Undergrad: 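Quick one: this structure, given as structure tokens, is what I'll be asking you about.
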Number of protein chains: 2
Amino acid sequence: MWHVYTMRIEDEIQQKDFKDDYRRLLVNLLFTNNWVNQQVMPFFRAHGLTLQQHNVLSILRGQHPEPVCFGDIQCRMADRSSNVTRLIDKLIEKGYATRDICQANRRMIEVRLTEKGLQKLEEVDEDMPALYQRFHNLSHEEAVLVSNMLDKLRG
Amino acid sequence: MWHVYTMRIEDEIQQKDFKDDYRRLLVNLLFTNNWVNQQVMPFFRAHGLTLQQHNVLSILRGQHPEPVCFGDIQCRMADRSSNVTRLIDKLIEKGYATRDICQANRRMIEVRLTEKGLQKLEEVDEDMPALYQRFHNLSHEEAVLVSNMLDKLRG
DNA sequence: ACTCTATATTTGTATACACAAGTAATGTAT
DNA sequence: ATACATTACTTGTGTATACAAATATAGAGT
């Protein structure tokens with residue numbers, strides 16, 4: 001009898017702790033999200049880019065001087081949901097990229113990094129240590145640990 | 001002589017590893033950020049709320065039936081940068097909150113949760129376990145660990 | 001060749017956000 | 001009392017985002 005009773009209490013407590021710890025994680029992720037944006041946005045803005053624009057430029061550099069098509073860019077972006085067309089428009093406006101219809105499959109658009117875009121990326125790279133500086137509250141090992149945990153979280 | 005040389009290499013390697021680990025952390029935080037939003041947004045949308053609207057309602061419940069003024073709401077929100085005025089407007093539109101000019105200091109606005117708002121919160125609460133379910137890739141202990149690390153990261 | 005479906009990108013629209021400027025009430029110093 | 005600064009919230013504006021619908025090309029089956 002008392003066994004059943006205590007089990008119930010334990011279950012209840014366990015459930016409660018359980019819920020609260022994951023809730024704390026969720027709130028923490030949202031806070032951190034916001035904090036990261038506040039660190040990162042002004043950094044890229046100082047270089048005349050948004051985070052996503054820089055992200056796309058980096059993807060383009062990965063294949064440079066080969067082109068990358070829209071779909072591939074979309075797949076590789078951290079933020080999948082955003083509108084690649086209009087992002088690329090901005091980069092072309094600024095002279096950092098070019099677009100051409102792919103002759104092999106005319107539905108596809110080939111996007112290439114320009115020399116100017118490459119220079120901009122190198123300029124940003126030089127400044128990068130200043131950005132990473134802001135993550136130094138965590139040790140080298142802790143940074144690796146958190147990365148691994150986040151990978152695991154997303155499954 | 002060789003000592004100096006090897007030291008240089010070690011420094012260089014260390015520097016490189018260092019940089020890459022923090023870079024990986026940054027990219028990982030951005031990816032996770034996006035992933036969390038994709039888990040959370042549809043959940044709240046299914047209840048006719050945005051994440052931020054729910055966040056404000058929770059803050060209001062914390063003081064209920066006492067009012068909370070705009071400034072306090074802004075301070076307590078996860079995303080500090082958003083526009084509280086227009087957020088509250090939405091909640092009032094939906095009948096979840098009320099606003100009154102504070103008689104003690106007529107610059108301030110007192111926001112209160114309505115009965116309807118309270119019911120909506122309870123409805124969301126009941127469904128919460130379904131949301132937390134998505135974080136179960138991490139064990140209880142890992143969830144706590146990551147929370148602590150994120151706290152440390154933000155300083 | 002013709003229709004149907006799938007793929008790849010674009011456009012439209014409503015909503016959200018960031019930042020700056022604006023308004024209104026209060027406090028403070030002369 | 002009057003002028004100036006500060007606080008607390010609001011509004012305006014351009015940009016960004018989410019989601020859905022539209023276009024345009026390619027491939028597959030008949």
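The chains referred to below are lettered A, B, ... by the order of the sequence lines, with proteins before strands, and numbering in each begins at 1. Keep in mind it's a predicted model, so treat the numbers as computed, not measured.
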Undergrad: Around A:Glu126, counting heavy atoms of other residues, nucleotides and ligands shown, do more than 12 lie under 6.0 Å from its CD?
TA: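 Not more than 12 within 6.0 Å, no.
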
Undergrad: I want to check something: taking the side chain as every heavy atom from C-beta on, are B:Ile109 and B:Ile88 in contact at a cut-off of under 4.5 Å?
TA: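 Not touching, per the 4.5 Å side-chain cut-off.
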
Undergrad: Atom CG of B:Leu49 to atom P of C:dA16: distance rounded to whole Å?
TA: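 Interatomic distance, CG of B:Leu49 to P of C:dA16: 12 Å.
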
Undergrad: Counting C-beta onward and ignoring hydrogens, is there a side-chain heavy-atom pair between A:Val124 and A:Phe43 closer than 4.5 Å?
TA: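 They are in contact (side-chain heavy atoms under 4.5 Å apart), so the answer is yes.
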
Undergrad: With sequence neighbours excluded, tell me which residues meet side chain to side chain donor-acceptor pair (under 3.5 Å) with B:Asn33.
TA: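 Testing B:Asn33 for side chain to side chain donor-acceptor pair (under 3.5 Å), a comparison that skips the adjacent residues, returns A:Asn33, B:Asn37.
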
Undergrad: Once salt bridge (charged side-chain N to carboxylate O under 4.0 Å, His left out) is applied, do any residues pair with A:Arg154, and if so which ones, sequence neighbours excluded?
TA: A:Asp151

Undergrad: Within residues 55-66 of chain A, which residues have any heavy atom lying less than 4.0 Å from an atom of DNA chain D?
TA: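 Correct list: empty, so none.
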
Undergrad: Looking at residues at least two apart in the chain, or sitting in another chain, which of them share a salt bridge (charged side-chain N to carboxylate O under 4.0 Å, His left out) with A:Arg61?
TA: A:Asp125

Undergrad: Partners of A:Asp127 by salt bridge (charged side-chain N to carboxylate O under 4.0 Å, His left out), sequence neighbours excluded?
TA: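 Here no residue qualifies.
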
Undergrad: Quick one: which residue pairs count as a salt bridge (Lys or Arg N to Asp or Glu O under 4.0 Å) with a foot in residues 82-97 of chain B, not counting sequence neighbours?
TA: B:Asp89-B:Arg99

Undergrad: Tell me the interatomic distance from B:Gln103, atom CD, to C:dA24, atom P, rounded to whole angstroms.
TA: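 My rounded result for the distance is 17 Å.
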
Undergrad: Rounding to a whole Å, what distance do you find between A:Asn37:CG and C:dA16:P?
TA: 18 Å

Undergrad: Do any pairs count as a ring pair (Phe, Tyr, Trp, His ring centres under 6.0 Å) and have a residue in residues 50-69 of chain A, sequence neighbours left out, and if so which ones?
TA: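 Found A:Phe44-A:His54.
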
Undergrad: Just so I know, are the side chains of B:Leu118 and B:Leu60 near enough to count as touching, which here means a heavy-atom distance under 4.5 Å?
TA: no

Undergrad: Tabulate atom names and distances for all N/O pairs under 3.5 angstrom spanning the protein and nucleotides 4-8 of chain D.
TA:
residue, atom, partner, partner atom, Å
D:dT7, O2, B:Arg107, NH1, 3.0

Undergrad: Calculate the interatomic distance between B:Phe44 atom CZ and C:dT15 atom P; express it in whole Å.
TA: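 After rounding, the gap between these two atoms is 20 Å.
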
Undergrad: Under the salt bridge (Lys or Arg N to Asp or Glu O under 4.0 Å) definition, can you give me all pairs with a residue in residues 140-150 of chain A, not counting sequence neighbours?
TA: A:Glu142-B:Lys152

Undergrad: Starting at the 5' end of DNA chain D, which residue's closest nucleotide do you reach first, A:Arg106 or A:Gln52?
TA: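 Counting from the 5' end, the first nearest nucleotide belongs to A:Gln52.
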
Undergrad: Please convert DNA chain C into dot-bracket. A pair counts if it is Watson-Crick or G-U wobble with both distances under 3.5 Å; crossing pairs go in [ ] and bases paired with another strand get |.
TA: ||||||||||||||||||||||||||||||

Undergrad: Please report, rounded to the nearest Å, how far the P atom of D:dT23 is from the CD1 atom of A:Ile101.
TA: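 Interatomic distance, CD1 of A:Ile101 to P of D:dT23: 17 Å.
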
Undergrad: Measure the NZ-CG distance between B:Lys116 and B:Leu91 for me, rounded to the nearest 0.5 Å.
TA: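 Result: 11.0 Å between the selected atoms.
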
Undergrad: Can you see if the side chain of B:Lys90 gets near the phosphate of C:dA16 - specifically, an N or O under 4.0 Å from OP1 or OP2?
TA: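 Indeed, a polar side-chain atom of B:Lys90 lies that close.
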
Undergrad: Select from B:Thr50 and B:Ala104 the residue whose nearest nucleotide in DNA chain C is closer to the 5' end of that strand.
TA: B:Thr50

Undergrad: Take atom CD of A:Glu93 and atom C1' of D:dT15, then tell me their distance rounded to the nearest Å.
TA: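 Rounding to the nearest Å, CD of A:Glu93 and C1' of D:dT15 are 12 Å apart.
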
Undergrad: What is the distance from CD of A:Glu110 to P of C:dT9, rounded to the nearest Å?
TA: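 Computing the A:Glu110:CD to C:dT9:P distance gives 10 Å.
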
Undergrad: Over how many whole Å does the gap from B:Ile88 atom CD1 to D:dC9 atom P extend?
TA: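 From B:Ile88 CD1 to D:dC9 P: 10 Å.
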
Undergrad: Is there any salt bridge (Lys or Arg N to Asp or Glu O under 4.0 Å) pair reaching into residues 32-57 of chain A, and which pairs are they, with sequence neighbours excluded?
TA: none

Undergrad: Quick check on salt bridge (Lys or Arg N to Asp or Glu O under 4.0 Å): which of B:Arg106, B:Arg112, B:Arg107 does B:Glu110 satisfy it with?
TA: B:Arg112

Undergrad: With 3.5 Å as the limit, what N/O pairs link the protein to nucleotides 11-14 of chain C?
TA:
residue, atom, partner, partner atom, Å
C:dT11, O4, A:Asn83, ND2, 3.2
C:dG12, N7, A:Arg86, NH1, 3.4
C:dG12, O6, A:Arg86, NH2, 2.5

